[in-house]
There are 2 protein chains.
Amino acid sequence: MSTIKDVARRAGVSLGTASRVLSGSTSTSPESRAKVQTAAAELGYIAHGPARSLRRSRTEVLGLLVSDIRNPFFSELAHAAESEAMKRGYAVLLANADEDEVQADEYLRIFASQRVDGLLLSPQGPVTPRLAALLASRLPVVLLNRSVEGLDAPLYATDNAQGVGLVLDWLERRGHRDVAFVGGPVTISTGAERQAAYLAGREAHGISTDDAFVDAGDFQAEGATAAMIRILDRGVLPTAVFGANGPTTLGVLHGLRERLGAEAASRIEVISFDDLEWFEFASPPITSVRNDAAAIGRLGVRGLIDLIEGREAASARIAMSLVDRSLVDRSSASRPVS
Amino acid sequence: MSTIKDVARRAGVSLGTASRVLSGSTSTSPESRAKVQTAAAELGYIAHGPARSLRRSRTEVLGLLVSDIRNPFFSELAHAAESEAMKRGYAVLLANADEDEVQADEYLRIFASQRVDGLLLSPQGPVTPRLAALLASRLPVVLLNRSVEGLDAPLYATDNAQGVGLVLDWLERRGHRDVAFVGGPVTISTGAERQAAYLAGREAHGISTDDAFVDAGDFQAEGATAAMIRILDRGVLPTAVFGANGPTTLGVLHGLRERLGAEAASRIEVISFDDLEWFEFASPPITSVRNDAAAIGRLGVRGLIDLIEGREAASARIAMSLVDRSLVDRSSASRPVS
DNA sequence: CTGTTAGCGCGTTCAA
DNA sequence: TTGAACGCGCTAACAG
């Protein structure tokens, strides 16, 4: 790989001039500009990022730490974040914490070592010492979707209360009284917020306040299946189930089938926080409130770059929208086919 | 952030000694070793990656270029790749080409600039000049899932012919004769291989060789929907449809519903290349051949690190397995519920 | 506007 | 085993 020295030599100018042309800092004469540019093109010169970073103490790399890129919510978020970052000249280092604090912490070390310019964080748990150290070093950070106590950073997140409100309205409209709720860990802000909003709103929407209908998993499919089964094993039979995120809803379906069989399960309506592309093909189709992951990713990157470049960044709550897939009225849908 | 200089000063040793202890190159006395380590721990010292990279001309960063991280196949692959890379001490820069050659090329520039140690590549199209230049500079590269002409690198990929064989066997077992095939672009090796294997095997498995049943999309849902509709609009009615990748199968379902309605669509069996977690909840359930994306990602990273460290790396084809979800025999399943 | 020079933080060489 | 010095490639400060 050729260096800027090679370019300068070939263009017949000094190293400084070549640098000025290539990074466009101060003005240069049209002639040297042309000479340097053709020389660079001929050599296929590509600036050495690490060297530039060392000198400028900025890497133009962002760190993105999510819990699991396999969760469609995060893969859509990552896609949007990465696309927005590239548009603004930043690359993205990806990290999957797998909902594991230790692993998350290890990634923070790698990010710190790579000297990322900023951090997009969907926190796994409390603020670890290493994260505290990074914050103390004034590394710009924005939070995605989840907040965490003691971390004062702009938050780009779903409007959980509003989304749950849409769910409650829909449940009431559909005439459901016996509704099961499968939540996520209350140690995660999204889990706590969604559960709190649901519990608080149940009564006003004519939904049973029997806590036998309520349980929580780990925001993954397996944990949700177990939670769904626990609910059914308490001897209650819901007419509808509310899953608190995408993987949870998948787990709910598994749990319903496992305990009730496909036939009986198909008489229970399911509504989900997070919309998945296949919900319309389930039977009955699954209604959802759509969580705009792309918007969160995009806004997060913009906010982070604002912070990096010394501007202010304001938190934002992204409103959710109902995707109503209930085609028929319940009285007929809930009767077995005869 | 503290530098190695700070560590040396605090430990009361020279900069060289501190460096030797921290990077463990040559031997050091137990005393200075201890002093340096405690000093580093006290300061929370984290080596400056770019500086280290500049000096050692290795970044310990891998570039991962996929077509779309939102495709579950790639998000699973990315998850496994990234996890394997971390285990071996490498970070991963993520790039989404969005099936766009220009964007892919731009990412190659960023990777080159960041001086990644190696490249995991799922190519979008032909070898661009920039990719050729990177290869000429002897940057280690491995190919994931897709090969490309003129690029001689280890390939970690699905065994397309074997997978299609499983599909053909299943179609024959189920007694399907009128089978629609919705493929992907033949300009992509996976699209070409799957289509070729299917067309070559049709006759021997008792499947109609009428090409009205065959069309191709773009490996995304929308393109596949259009292809499915084109097939139906030719006036043929398949009893089964084979979708050549995950998003394609989703598009197939949309196409069937749009032209035939949910009721008639539910009498058509669908089989998919790539297994998605929701296939069992479709009606009828979707059978698939499972593409082990995690294995491809893991093996790709191992192979790439082998190359980086000067060892040989051999290509591998990953065998697929059938996930048969056909529960009932076709004669009863295809009769409308009465 | 341009050439020269210093130094970013680190690993490694050379002498001791 | 250790300290001193050099240079990786680049940008920025300075002098002209």
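These numbers come from a predicted model, not from an experiment. In the text below, chain A, chain B and the rest are named by the order of the sequence lines, each starting its count at 1.
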Would you tabulate the side-chain donor-acceptor contacts of residues 10-20 of chain B under 3.5 Å, counting partners in other chains and residues two or more places apart, or write 'none'?
residue	atom	partner	partner atom	Å
Arg10(B)	NH1	Glu42(B)	OE1	2.2
Ser14(B)	OG	Gly16(B)	N	3.3
Ser14(B)	OG	Thr17(B)	N	3.3
Ser14(B)	OG	Thr17(B)	OG1	3.3

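- Nearest-nucleotide mapping onto DNA chain C: of Leu54(B) and Gly16(B), the residue sitting toward the 5' end is Leu54(B).
- Along DNA chain C, the stretch of nucleotides lying under 4.0 Å from any heavy atom of chain B spans, 5' to 3', dG9(C) to dT13(C).
- Across all strands shown, Thr17(B) has heavy atoms under 4.0 Å from sugar-phosphate atoms exclusively, and none from any base.
- Partners of Asp100(A) under the salt bridge (charged side-chain N to carboxylate O under 4.0 Å, His left out) rule, at least two apart in sequence or in another chain, do not exist in this structure.
- Using a 4.0 Å heavy-atom distance criterion, Ile4(A) is classed as a sugar-phosphate-only contact.
- Comparing Thr28(B) and Ser23(A) along DNA chain D, the residue whose closest nucleotide (by nearest heavy atom) sits nearer the 5' end is Thr28(B).
- Distance CG/Leu77(A) to CG/Leu120(A): 8.0 Å, rounded to 0.5 Å.
- Taking the 5' to 3' direction, DNA chain D first and last meets chain A under 4.0 angstrom from a heavy atom at dG9(D) to dA13(D).
- The side-chain hydrogen bond (donor to acceptor under 3.5 Å, both in side chains) analysis of residues 123-139 of chain A, with sequence neighbours excluded, yields the pairs Asp105(A)-Thr128(A).
- Of the two residues contacting DNA chain C, namely Arg20(B) and Ala51(B), the nearest-nucleotide position lying further toward the 5' end is that of Ala51(B).
- For the salt bridge (charged side-chain N to carboxylate O under 4.0 Å, His left out) test, no residue two or more places apart in sequence or in another chain qualifies with Arg115(A).
- For the side chain to side chain donor-acceptor pair (under 3.5 Å) test, no residue two or more places apart in sequence or in another chain qualifies with Asp292(B).
- Within the helix from dC1(C)-dG16(D) to dA16(C)-dT1(D), the inter-axis angle between the opening and closing five-pair segments is 40°, rounded to 10°.
- No engagement by Ser57(B) is indicated, since no non-hydrogen atom pair under 4.0 Å with the nucleic acid exists.
- Residue Ser53(A) is classed as having no contact, given no heavy-atom separation below 4.0 Å to the nucleic acid.
- Residues satisfying the side chain to side chain donor-acceptor pair (under 3.5 Å) criterion with Gln220(B), sequence neighbours excluded, are absent altogether.
- Across Asp68(A), Asn71(A), Asn245(A), a single residue satisfies side-chain contact (heavy atoms from CB on, under 4.5 Å) together with Phe219(A), and that is Asn245(A).
- With sequence neighbours left out, the side chain to side chain donor-acceptor pair (under 3.5 Å) criterion links Thr187(A) to no other residue.
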Please report, to 0.1 Å, the donor-acceptor pairs under 3.5 Å made by any side chain of residues 45-55 of chain A, with sequence neighbours excluded.
residue	atom	partner	partner atom	Å
His48(A)	ND1	Ala51(A)	N	3.1
Ser53(A)	OG	Gly49(A)	O	2.9
Ser53(A)	OG	Arg58(A)	O	3.3

Table please: side-chain donor-acceptor pairs of residues 296-306 of chain A below 3.5 Å, with sequence neighbours left out.
residue	atom	partner	partner atom	Å
Arg302(A)	NE	Glu84(A)	OE2	3.0
Asp306(A)	OD1	Arg311(A)	NE	3.0
Asp306(A)	OD1	Arg311(A)	NH2	2.8

